[in-house]
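Accompanying notes for the structure given below.
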2 protein chains.
Amino acid sequence: MQKEITIYDLAERLGVSATTVSRALNDNPRINKKTREKVHQLAKELGYRHNTIAANLRKQQTKTIGVILHEVNSYFATSVLAGIEKVTTPENFDILITHSAETAEREKANVKNLINKRVDGIIVSLAMHSHDTAHFTPLFEREMPLVFFDRVLQSADCTKVVIDNFQGGYDATNHLISQGCKRIAHITGDMDLNVYMDRFKGYQKALKDHKIKFNKDLVKVCGLNKAETTQAVTEMLEQKPDAFFIPSDFAAAVCMEILRNKDINIPQDIAVFGFNNDMLSDLITPKLSTIDYPGFLMGEMAAKTLIEQIKLRRKNKNVKDHTIVIPTEIILRESSVRKKAKTTRPHK
Amino acid sequence: MQKEITIYDLAERLGVSATTVSRALNDNPRINKKTREKVHQLAKELGYRHNTIAANLRKQQTKTIGVILHEVNSYFATSVLAGIEKVTTPENFDILITHSAETAEREKANVKNLINKRVDGIIVSLAMHSHDTAHFTPLFEREMPLVFFDRVLQSADCTKVVIDNFQGGYDATNHLISQGCKRIAHITGDMDLNVYMDRFKGYQKALKDHKIKFNKDLVKVCGLNKAETTQAVTEMLEQKPDAFFIPSDFAAAVCMEILRNKDINIPQDIAVFGFNNDMLSDLITPKLSTIDYPGFLMGEMAAKTLIEQIKLRRKNKNVKDHTIVIPTEIILRESSVRKKAKTTRPHK
DNA sequence: TCAAAAGTTGCAATCGATTGCAATTTATTT
DNA sequence: AAATAAATTGCAATCGATTGCAACTTTTGA
C-alpha cells in the first residue's frame, strides 16, 4: 500500500493551508467556492480518502452505534438490524454489530470493545446467560447513551424497547384453550429473561382465567436449540399434552417434526403454537400459528430513541429513561386451528 | 459523559511518563514489573479505557477486517460470518460488517466507507446487480488485502474462495434425471454472477450427457425473492415441467408451497431441488433435496487467506492471487427422491 | 573498584483532521 | 477616499497513544 494522500499533500500542491483544504472538503461556506472546487477536483484526481480515524480522534465522536445482539442468525435479528439501519443511515451513523453467542463472557468483551472503540451509543439485547450484569455498569458510569431492546435488564433504570410478552403469552394460550386444548405444554427459555418470564406469566394467567389448573409438569425450560428442544419435547410427550406452546418458531418447528415422525396429527391430536412469525413459520407444513414480533419496528424505535439520547448528550441535557412497548399481533395458521376456518395471514 | 481517563492522567498520578504508562499497559517487558502492576492497578481503579482510535491513528493499522455481504438474512450469511469470526477472534481482528442489499450503489458506498475507516483488509461477496465493478479499483490501486468469496469478480486477478458451482448444478440435474425427470425447469438468479452462471452450465452439461435436449423455455431468471419466485414458478407451470431445480432453498420452498396449493404431488408429479442446505430445507415438508454449501468453511478460508495477505503486506512482501475451491456435497431428501429409498442426511 | 552489560524510564515527534482565534483581503457604505 | 463590514484564509493547538532514540540507574563481572 503506497501511502494515502492527506490534506497536507493537497494543501501543498494547491498552495493553500491544510485548514482550507479541510474546510473545503467539508463544504464549509467560509471557503471560496472556486477554492472548494479546486480542492475537490484535486482530491478526486489523487484519490484522496478522508481519514475517519483522525477525524474521530479530533472530534471526539465516531458517529457509530454499537449493537450487541445475543445472536444474529434469525429472521428477527436481521429485521431488527434492518430497522436500525433505516434510522441510522439517513442520520449518517454507522453501526458496529457484535454478538455474544448467548454467553455473558462474550457480552462483557463486546461492551469493553465498544467502549474502547468510542462508539457514540449502544443498543443491546441481552444474552441468554447474562445473569451477572455488572459489565454494564461502566456504561452507566459514563452515562453512555444506551437502549435495551427485547431482552432487557429487569432492574436498572434504563431505556427499553420491548413487546408485550405477557399479552403474547396470554393470547397464544387463550387461543389454544379456545380450540379445546386443556393440557398445554410450555417449553421455553431461561426464565431470568424478561421475554420468557413474561410469556410464561401470560400463559399462567390465561389458564387461570379459564379455570384450568396450572400443572408444573407441563412446563420445561431449555436452550431452545435443536438438540435441547428435541429432548424436551420427547420427554414432555410422556405427559400427554394436547398442545405445545413453544415461544420460538424454530423450536416449534423442531417440535412439529418430532410429532410428524410419530404420526401425531397437528392440530387435531396436538396443536402447536410458536412465537416470532419467523420466515419459516409460513413455509413449514402445517403452517405455524405464532405471535408476530415486529423486529423491524423495534429496531427502528431503539435506534430513534438512541440517537435522540446521543443528541441530548451533546447538548449536555440529561436523558429521561423510559420504556416503549410495541404491540404484537396473533397470527393464526394451520398448526393450531381445529375449529371453524379462520383466515390466515401471509407472512409480512 | 465525564471525560475519559487518558494515559496522561495515569502518568501524572503515578509520577511517571506517558511512555511508561503506555508500555506498561501493553505489558512491554522493558517496564519494571512493579511499575507495570501499579499502572494496571490504577488503570482499573480509575476505569481507564484504551482509546482504540488514537492507537489506530498512530499505528496506522486498525486490526479490523471489513466484510461486504450482499445480504445478511440467510443461514448461509451467518455461517460465513461465524467462520470468519472463528479465524479473526484468536488473531484479535475485529470485523466490520456491511451489506449492500443487492445493489451496486450501496456496495460502492460500503467500499468507500471501509477505505475511509482504514480497515486492514476486505472480504467481499458481490451484490446481485453489481455489473459495473469500477468501485473496486481503488482497492486494487491501494493493493488493499482483498478476498472475494462465493460471488466473485470473473475478470480481475484477485484471490477468490468459491464452491464448485458447476459441479453442484451438474449433480442436482443429474440426480433429477436419474429419478426419471425429463422436463427440468431451472429458475435461477442473475447470470452475470458466477454462482448462477456456473450452476446453469452444470445443468446444461448434465442434460447433454444424458442426451436431453436443452429447452430455453424451461429456464427463467428472477430475483429469487418470494414475489418474483412466485411469479416465475406460476408461469413456468405452463411449460409442464416434471422437476424444478431452483438454486436457492428459500425460493425452492416458495415453489413447493405453490405446488402444494395446487395439489401437485412432490416428488411424484414434480420433483424439487434446492441449493444451500439452509436451516429450513430440513424443516419443510417434504424435506428438500439440496446442495450443501459449506458457508462456515468458506468464511474460515476467506478470513485465513486475508489475514495471510495482511501479514505479508506488513512485511512488504507481495501477494500471489489464487483461487480456493471448496467441495460441496449433494443432500438427497424427500422432495426429489422417487425411486428406491436412499438415506437422508441431517442438517449440519 | 571500575567498566561493561542489562534493566528502566523519558523526550519529543508522529499519525491526520479539526477548530478557535486572528489576520488578511475584498466589497460595501457613507 | 476613508471607514466599516463581509469574505476568505491561515496559525497553531488539540485529540490520545505509540515508538525511535537517548539517558539514566542498577547489576554483573573481572
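Below, chain A is the first sequence line, B the second, and so on; all start at residue 1.
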Does a nitrogen or oxygen in the side chain of [X] sit under 4.0 Å from OP1 or OP2 of [N]?
X	N	result
A/N51	C/dA17	no
A/Y48	C/dA17	yes
A/S22	C/dA17	no
B/Q60	C/dG16	yes

Round to a whole Å and report the spacing from [atom1] of [X] to [atom2] of [N].
X	N	atom1	atom2	answer
B/L14	C/dG10	CG	P	10 Å
B/K117	C/dA17	NZ	P	16 Å
A/N28	C/dG20	CG	C1'	13 Å
A/H50	C/dC15	NE2	C1'	14 Å
A/I31	D/dG10	CD1	C1'	9 Å
B/L10	C/dG10	CG	P	13 Å
B/K3	D/dG16	NZ	P	7 Å
A/K34	D/dA7	NZ	P	16 Å

Distance-only donor-acceptor test (3.5 Å): side chain A/R30, base D/dT9: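 Yes.
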
Once you apply a heavy-atom cut-off of 4.0 Å, does [X] come out as touching a base, just sugar-phosphate, or nothing?
X	answer
B/N26	sugar-phosphate
A/T19	base
B/V21	nothing
B/T6	sugar-phosphate
B/T35	sugar-phosphate

Nearest heavy atom decides the nucleotide; on that basis, is B/K59 or B/N32 closer to the 5' end of DNA chain C?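 Final value for this comparison: B/N32.
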
Report the residue (B/L57 or A/A18) whose heavy-atom-nearest nucleotide on DNA chain C is the more 5′ of the two.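 The residue mapped nearer the 5' terminus is B/L57.
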
Closest approach to the side chain of B/R23, judged atom by atom: which nucleotide of C/dT9, D/dA17, C/dT19 is it?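 Given the options C/dT9, D/dA17, C/dT19, the side chain of B/R23 is closest to C/dT9.
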
Consider the side chain of B/T20, meaning its heavy atoms from C-beta on, and name the nucleotide among D/dT9, D/dA17, C/dT9 that approaches it most closely.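 Nearest listed nucleotide: C/dT9.
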
Quick one: which of A/R142, A/K59, A/R314, A/K311 gives a salt bridge (charged side-chain N to carboxylate O under 4.0 Å, His left out) with A/D120?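 Looking at A/R142, A/K59, A/R314, A/K311, the match for A/D120 under the salt bridge (charged side-chain N to carboxylate O under 4.0 Å, His left out) is A/R314.
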
Please round to the nearest 0.5 Å and tell me the distance separating atom CD of A/E71 and atom CZ of A/F76.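 Going from CD on A/E71 over to CZ on A/F76, the span is 13.0 Å.
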
Kindly give the heavy-atom pair with the smallest separation between A/A77 and A/V72, and that separation in Å.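 Between these two residues, the closest heavy atoms are CB-O, 3.7 Å.
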
Tell me if a side-chain donor or acceptor on B/N110 pairs with a main-chain N or O of B/H99 at a distance below 3.5 Å.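 At least one qualifying donor-acceptor pair exists.
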
With distance as the sole test, does B/R23 use its side chain to make a donor-acceptor pair with the main-chain N or O of B/N28 at under 3.5 Å?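 It does not hold such a pair.
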
May I ask you to check whether over 12 heavy atoms, not counting those of A/K108, lie within 6.0 Å of atom NZ?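 Counting neighbours around NZ of A/K108, 12 or fewer heavy atoms of other residues, nucleotides or ligands fall under 6.0 Å, so no.
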
